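Working notes for the structure below.
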There are 2 protein chains.
Amino acid sequence: MSRIHIPDGSPFGPDNLPYGVFSAEGGSRRVGVRVGDTVADLSLLLDDPVFAAPTLNPFMAQGPRRWAEARVRLRAAVEGTVPKHALHPLREVRMHLPFEVGDYVDFYASEHHAANLGRLFRPGQEPLAPNWKHLPVGYHGRSGTVVVSGTGVVRPCGQRKAPDEAAPTYGPSRRLDIEAELGFVVGAGTALGERIDVDDFAEHVFGAVLVNDWSARDLQAWEYVPLGPFLGKSFATSVSPWVVPLAALEHARVPLPGQVPAPLPYLRGGEDWGLDVDLAVEWNGEQVSRPPYREMYWSPAQMLAHMTVNGASTRTGDLFASGTISGPAKHQRGAFIELTWGGTEPVTVKGEERTFLLDGDEVTITATAPGPDGARIGFGEVTATILPPR
Amino acid sequence: MSRIHIPDGSPFGPDNLPYGVFSAEGGSRRVGVRVGDTVADLSLLLDDPVFAAPTLNPFMAQGPRRWAEARVRLRAAVEGTVPKHALHPLREVRMHLPFEVGDYVDFYASEHHAANLGRLFRPGQEPLAPNWKHLPVGYHGRSGTVVVSGTGVVRPCGQRKAPDEAAPTYGPSRRLDIEAELGFVVGAGTALGERIDVDDFAEHVFGAVLVNDWSARDLQAWEYVPLGPFLGKSFATSVSPWVVPLAALEHARVPLPGQVPAPLPYLRGGEDWGLDVDLAVEWNGEQVSRPPYREMYWSPAQMLAHMTVNGASTRTGDLFASGTISGPAKHQRGAFIELTWGGTEPVTVKGEERTFLLDGDEVTITATAPGPDGARIGFGEVTATILPPR
């Protein structure tokens, strides 16, 4: 038996305890918890076969009472002594997609981002559509191409047409971009015809991950009228390997910045699910942006209530993401198209002027949130390298 | 042992042999084939445990060589004598969703439909967006709410705002509609970064189903700018229980009506996957429309090539649908919003003037296609009743 070493100031202390799926050399996939820089095998730590599954889905499907109970036992276990063979140094394990994704929905919940994109995609028109302040605008993405951090992203090919070109051409995207987002994972689903009340958010959502919703802006601009983004997004969406339980974000809860006009009653309440999560975007190792989640207009509780108000069912593993997180300041923008204003205002990265992504570029998004007593809650990172087109 | 009785002129003769998932009283779900009005249990007929699965996915994942081989054996089996206990009268079994849906994509491939919707949703503008004749426009739908024929459809609630209203209101949809479509089921998937050539359609697609893509037009009209349809569609999508193998549609293949301008090279070829499938829409038992699939502008081979040209992976069970099938004539329109021109030109159904769906209405879509020697290939039906809002 041994105690788990937690480095001073680690954002993976006993107040966090995020869940992931790992494999150690030669072993099968199983559920682990990150404590400091150690991964503990939960099937051994808590002696429960639900954690020997290759995804978090069976555990998440057990529901909120069980999540709370496991968290209490887990905290006691990591603060005591644990069997040595249950522990693996983080650098020696491989992390996998932590859950099997049901449906993937992407929202558009940052007013700053939506207004910036409106100006860039529809110059001369009102930047926000008339519906934007009445409902959290969203759409379905491709769940089959959600990949775990570390998976290479092949530059997509497709049709693109610049405004000054007469006809579209085919080829690799020339405006490959990121979107820094927070994603929420449904644990306890609902049947067809039911809806999830805005106040029942924590009964259904298991936790949160970082999301990089890679975007080929040239493909997107040409294809998206009238049915929305499709191939400009569906080639890859990266998520961080650690799912931070909602319970670990209690100290991060803040009021929303304010909603005018007041939303319809089914979207009221749930306003205290604003979250003070601080993101950072690194481009080839240089920090280029600090998107603040607390600036988001719509809360994730409102997103979930809206997504199910028509009676759409939810499943364990459904993922819904916030949309790009952008604050009011330029250095708070969570997409390069905004940061470089459509490529017209390059940023300096490692001494070079840059606009969109080049092959070989690496983008890493990290985040932390306040925990109790000045501690920080870490999300880890979502990172990937751009691979050349095939 | 006994011979299977096939009524004269049945569209479920030995040239069709569609696959479905059924359960007989007290039994588990398993794969069956429809022959006449009989369902034959395939795990018994072909003595293969892959057909004892509760979905078609394990069989579909085996790939096209195996599909062809099973079809040869199946045809020989149903034309000979079979064990009596493998046979069930169709009326005595319950049909289930035939496959576990991976991603669900809905296209917009009928020029007549797209132009009609453009006129209705964006009056005074060009009905077709500039991209429409360059690529098959599509978007992702909600795979978790794909349901089998016979499942009741609860009228969805949500936000709607008529053009003359100052603000949106919440309530049940007042413009509930159908979309008569054909859906294609991916059997053999592809890895991330690969693309499916337009000529490799039959290597990957297992078969076709009828689809009713229920649409709440008032929710859709208010929400869909700029990210596309969301809650106006995600409450339910119904599919027929029998998957007609692609091999059964060989005699239905026809050239496309013609594409001007010529599409980019990656969308050329595959034009001979136009399909002469004749649909019929019944509203409370009265036929109101006869949508002709042969009028579709884009072929399903082009849809699949486009969907994967950016390197998006595909999975066994992915479903992509054609979008509403509408011909040039009024009685060939596959959605009520077109048939009644936005509700301004009611149709007579059972002696009553009708525009959109009322609670208790039943809609049934059927289809047949040419087989060899004058035979018809039947798709069966996709039917559902509208239930009151909750």
Side-chain angles (χ1 to χ4, degrees), chain A residues 102-103 105-106 108 118 121-122 129-131 134-135 137-145 147 151 154 156-159 161 167-170 192-195 216 219 222-232 234-236 261 264-266 306-307 309-315 318 387 390, chain B residues 102-103 105-106 108 118 121-122 129-131 134-135 137-145 147 151 154 156-159 161 167-170 192-195 216 219 222-232 234-236 261 264-266 306-307 309-315 318 387 390:
Chain A
D103 273 293
V105 166
D106 198 24
Y108 195 50
F121 273 76
R122 293 172 294 280
N131 56 22
H134 293 279
L135 53 82
V137 169
Y139 71 105
H140 285 89
R142 190 165 185 84
S143 61
T145 54
V147 296
T151 308
V154 176
C157 292
Q159 291 193 29
K161 190 185 90 60
T169 57
Y170 170 84
L192 199 64
E194 284 182 32
R195 56 193 75 166
L219 277 56
W222 172 233
E223 75 181 354
Y224 88 104
V225 175
L227 300 187
F230 185 37
L231 299 189
S234 65
F235 55 97
L264 283 164
Y266 80 92
H306 183 65
M307 190 166 82
V309 74
N310 67 346
S313 49
T314 57
R315 290 178 288 178
D318 280 353
L387 304 177
R390 289 189 193 159
Chain B
D103 273 294
V105 166
D106 198 23
Y108 195 51
F121 273 76
R122 295 172 292 281
N131 56 21
H134 294 279
L135 53 83
V137 170
Y139 70 105
H140 285 91
R142 190 165 184 84
S143 61
T145 53
V147 297
T151 308
V154 176
C157 291
Q159 291 193 29
K161 189 184 92 58
T169 56
Y170 171 84
L192 199 63
E194 285 182 32
R195 56 193 74 167
L219 277 55
W222 172 233
E223 76 182 352
Y224 88 104
V225 175
L227 300 187
F230 184 38
L231 299 189
S234 66
F235 55 97
L264 284 165
Y266 79 91
H306 183 64
M307 190 165 81
V309 74
N310 67 346
S313 49
T314 57
R315 290 178 288 178
D318 280 354
L387 305 178
R390 289 190 192 158

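If you're wondering where the values come from, they're calculated on a predicted model, not measured in any experiment. To find a chain, count down the sequence lines: A is the first, B the second, and so on, and within it residues start at 1.
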Can you tell me which of [options] forms the most heavy-atom pairs within a distance under 4.5 Å of chain B?
| options | value |
| --- | --- |
| A:Pro229, A:Gly311, A:Gly232, A:Pro265 | A:Pro229 |
| A:Val137, A:Val147, A:Val154, A:Thr145 | A:Thr145 |
| A:Gly118, A:Ser143, A:Gly102 | A:Ser143 |
| A:Arg122, A:Glu194, A:Lys161, A:Gln159 | A:Gln159 |
| A:Ala129, A:Ser234, A:Gly193 | A:Ser234 |

If I measure from the heavy atoms of chain A, does [X] come under 4.5 Å with its side chain, its backbone, both, or neither?
| X | result |
| --- | --- |
| B:Tyr266 | side chain |
| B:Thr314 | both |
| B:Pro130 | both |

| Among B:Val225, B:Leu135, B:Thr151, who wins on heavy-atom pairs under 4.5 Å with chain A? | B:Leu135
| query | When only pairs under 4.5 Å are counted, which of B:Pro261, B:Pro226, B:Gly158 shares the most heavy-atom pairs with chain A? | reply | B:Pro226
How close do [X] and [Y] get, counting heavy atoms only, and between which atoms?
| X | Y | answer |
| --- | --- | --- |
| A:Ser313 | B:Gly144 | OG-O, 3.5 Å |
| B:Asp103 | A:Gly141 | OD1-O, 4.0 Å |
| A:Asn310 | B:Pro156 | O-CB, 3.6 Å |
| B:Tyr224 | A:Asn131 | N-ND2, 4.4 Å |

| By a 4.5 Å heavy-atom criterion (distance strictly below it), what part of A:Leu264 contacts chain B: side chain, backbone, both, or neither? |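 Just its side chain gets close to chain B.
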| message | Going by the rule side-chain hydrogen bond (donor to acceptor under 3.5 Å, both in side chains), which residues pair with B:Arg195 if we only count those two or more places apart in sequence or in a different chain? | response |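 So B:Arg195 forms a side-chain hydrogen bond (donor to acceptor under 3.5 Å, both in side chains) with A:Tyr170.
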| query | Hey, what do you get for OH (A:Tyr139) to NE2 (B:His140), rounding to the nearest 0.5 Å? | reply |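 If I round to the nearest 0.5 Å, the distance is 9.5 Å.
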| task | Identify, with sequence neighbours excluded, every residue that meets ring pair (Phe, Tyr, Trp, His ring centres under 6.0 Å) alongside A:Phe235. | result |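 Partners of A:Phe235 under the ring pair (Phe, Tyr, Trp, His ring centres under 6.0 Å) test: none.
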| query | Hey, are the side chains of B:Phe230 and B:Arg142 touching, using non-hydrogen atoms and a 4.5 Å cut-off? | reply |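 Of all side-chain heavy-atom pairs linking B:Arg142 with B:Phe230, none is under 4.5 Å.
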